[in-house]
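Below is one structure, written out as structure tokens; the observations come after it.
The first residue in the sequence is number 1, and the count goes up from there.
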Amino acid sequence: MTLQQPAFERRYQAPEREPIIEVDERLFLKSAARSFYVLEAFARSPRPLSLAEVAKSAKISKSAAQRVVQTLLVLGYLERSATGTGVVPGRRILDRSFDYLRSNPLIERASPIVTELRKITGERVDFSLFDDVTILYALRLQSKRETFYATLAGRRMPTFATAGGRAMLACLDERHADEILRRSRLVPLTPRTLVDPEQIRARVAEARRDGYACVQEESLMGEIVVAAAVVKERSMPVGAIHVAGSLADWSPDDFRKRFAPLAIEAARALSG
């Protein structure tokens with residue numbers, strides 16, 4: 001039986017959605033799922049949430065939200081806000097992030113490569129993981145000027161609008177890449193984000209030809225990014241190396257020429 005999970009955009013207000021997941025309802029623990037829906041409510045906003053706001057975002061009743069919130073407070077996955085006006089994510093969540101990062105061998109292998117690439121380029125270098133309609137930043141080494149969010153690991157971004165995402169789409173056959181685009185919610189992140197499927201397919205084709213993808217101001221104004229895909233056997237994408245810079249410092253052509261070969265070389269070192 002097919003169970004439709006709560007829509008990704010409904011929980012995240014982000015320009016992507018989760019695929020339908022095939023599960024056995026006899027094994028699907030709805031009470032556990034509600035706990036995660038409550039935690040995911042904070043992806044909408046970094047501010048404290050009231051009980052009513054948690055219930056609305058998680059699409060559960062207020063009484064259910066109260067029980068889940070109290071349980072997560074006891075376990076440390078939620079904390080009372082400093083003002084006492086609501087709840088915020090707890091420090092215990094960072095423990096689970098640490099568990100994942102140290103248990104993923106690809107991230108362990110990528111860490112020294114990303115560090116060395118940051119030294120060579122002097123620009124922000126990221127390593128992202130492929131996750132269907134989204135990518136997830138696992139390592140981020142900032143440059144001298146970055147916004148706070150741009151330096152944080154764990155940020156999820158739409159595959160269609162990112163250099164790393166397009167580089168990874170380019171590794172898939174056209175049918176698979178088109179299917180991911182079809183399931184993506186093509187909402188612009190900036191005024192320059194491409195949302196026309198044909199234009200996106202053309203950029204993916206360019207990445208397939210060149211071995212890397214480049215985006216300009218599609219996820220952050222004033223930013224240019226080149227990225228190359230990390231692949232495993234049969235050329236399936238698993239991640240990407242990104243190099244990001246400022247258009248105030250670089251012309252697009254110079255940035256591509258300088259950093260695309262370095263991103264490709266780093267990605268090849270991780271592939272296989």
Side-chain angles (χ1 to χ4, degrees), residues 12-16 43 46 110 113-131 133-170 181 184-196 199-208 210-230 237 239-267:
Y12 283 88
Q13 292 183 337
E16 62 269 352
I113 292 174
V114 168
T115 299
E116 182 62 22
L117 187 57
R118 168 66 182 84
K119 292 178 182 177
I120 294 171
T121 63
E123 303 292 343
R124 193 183 81 235
V125 177
D126 302 325
F127 174 66
S128 67
L129 299 173
F130 181 55
D131 196 18
V133 297
T134 63
I135 67 170
L136 189 65
Y137 290 103
L139 299 172
R140 313 197 82 176
L141 298 185
Q142 69 185 79
S143 64
K144 55 185 177 295
R145 64 170 81 83
E146 297 292 349
T147 61
F148 178 56
Y149 287 167
T151 68
L152 299 178
R155 190 179 188 190
R156 190 178 291 274
M157 295 288 286
T159 300
F160 80 90
T162 55
R166 290 180 190 167
M168 289 185 273
L169 288 176
L181 284 180
S184 299
R185 187 168 170 241
L186 304 179
V187 174
L189 303 178
T190 76
R192 296 201 60 186
T193 306
L194 296 181
V195 294
D196 179 80
Q199 291 181 318
I200 297 170
R201 290 189 187 98
R203 296 300 174 87
V204 171
E206 289 178 8
R208 190 175 289 120
D210 299 336
Y212 74 95
C214 179
V215 300
Q216 297 178 44
E217 300 186 303
E218 293 198 47
S219 58
L220 183 66
M221 294 302 293
E223 182 181 74
I224 180 171
V225 186
V226 294
V230 176
I241 295 286
H242 310 234
V243 181
S246 171
L247 288 170
D249 297 332
W250 297 91
S251 71
D253 286 344
D254 287 344
F255 192 86
R256 284 172 177 255
K257 291 175 183 177
R258 176 73 179 88
F259 298 118
L262 296 175
I264 292 171
E265 182 181 3

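- Proximity of Leu181 to Ile200: side-chain heavy atoms (C-beta onward) are separated by under 4.5 Å at one or more points.
- Atom CZ of Arg124 sits about 4.5 Å away from atom CD of Glu223, to the nearest 0.5 Å.
- Note that OH of Tyr212 is 12.0 Å distant from CG of Leu262, once rounded to the nearest 0.5 Å.
- Val230 is listed as a side-chain neighbour of Phe127, based on a closest heavy-atom distance under 4.5 Å.
- In this structure, NE2 in His242 is found 5.0 Å from OH in Tyr137, a value given to the nearest 0.5 Å.
- Side chains of Ile241 and Val114 form a contact here, defined as non-hydrogen atoms less than 4.5 Å apart.
- Taking all atoms of both residues into account, the shortest heavy-atom contact from Thr193 to Pro188 is CB-CA, 3.7 Å.
- Considering all non-hydrogen atoms of both residues, Arg208 and Leu169 come closest at NH2-O, 3.7 Å.
- To the nearest 0.5 Å, atom CZ of residue Phe259 and atom CD1 of residue Ile264 are 13.5 Å apart.
- Summarising the geometry of Arg140 relative to Ala153, their closest heavy-atom pair is CD-N, 4.0 Å, with the distance given to 0.1 Å.
- Summarising the local packing, CD of Glu206 is surrounded by more than 12 heavy atoms from other residues, nucleotides or ligands at distances under 6.0 Å.
- With rounding to the nearest 0.5 Å, the separation of CZ in Arg156 from OG1 in Thr134 is 4.0 Å.
- Taking every heavy atom of both residues into account, Ile120 and Arg258 meet most closely at O-NH2, 3.8 Å.
- For the atom pair Ser128 OG and Met157 CE, the distance stands at 10.5 Å (nearest 0.5 Å).
- Closest non-hydrogen pair, Ala161 versus Val215, comes out as O-CG1, 4.2 Å.
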Next on the checklist: Test salt bridge (charged side-chain N to carboxylate O under 4.0 Å, His left out) on Arg166 and Glu218; report intermediate values, then the result.
Outcome noted: CA-CA 12 Å; Arg166 290 180 190 167; Glu218 293 198 47; 2.6 Å; yes
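- Within the 4.5 Å cutoff, no side-chain heavy atoms of Thr162 are placed close to those of Val225.
- Of all heavy-atom pairs spanning Met168 and Ile135, the tightest one is CE-CG2, 3.5 Å.
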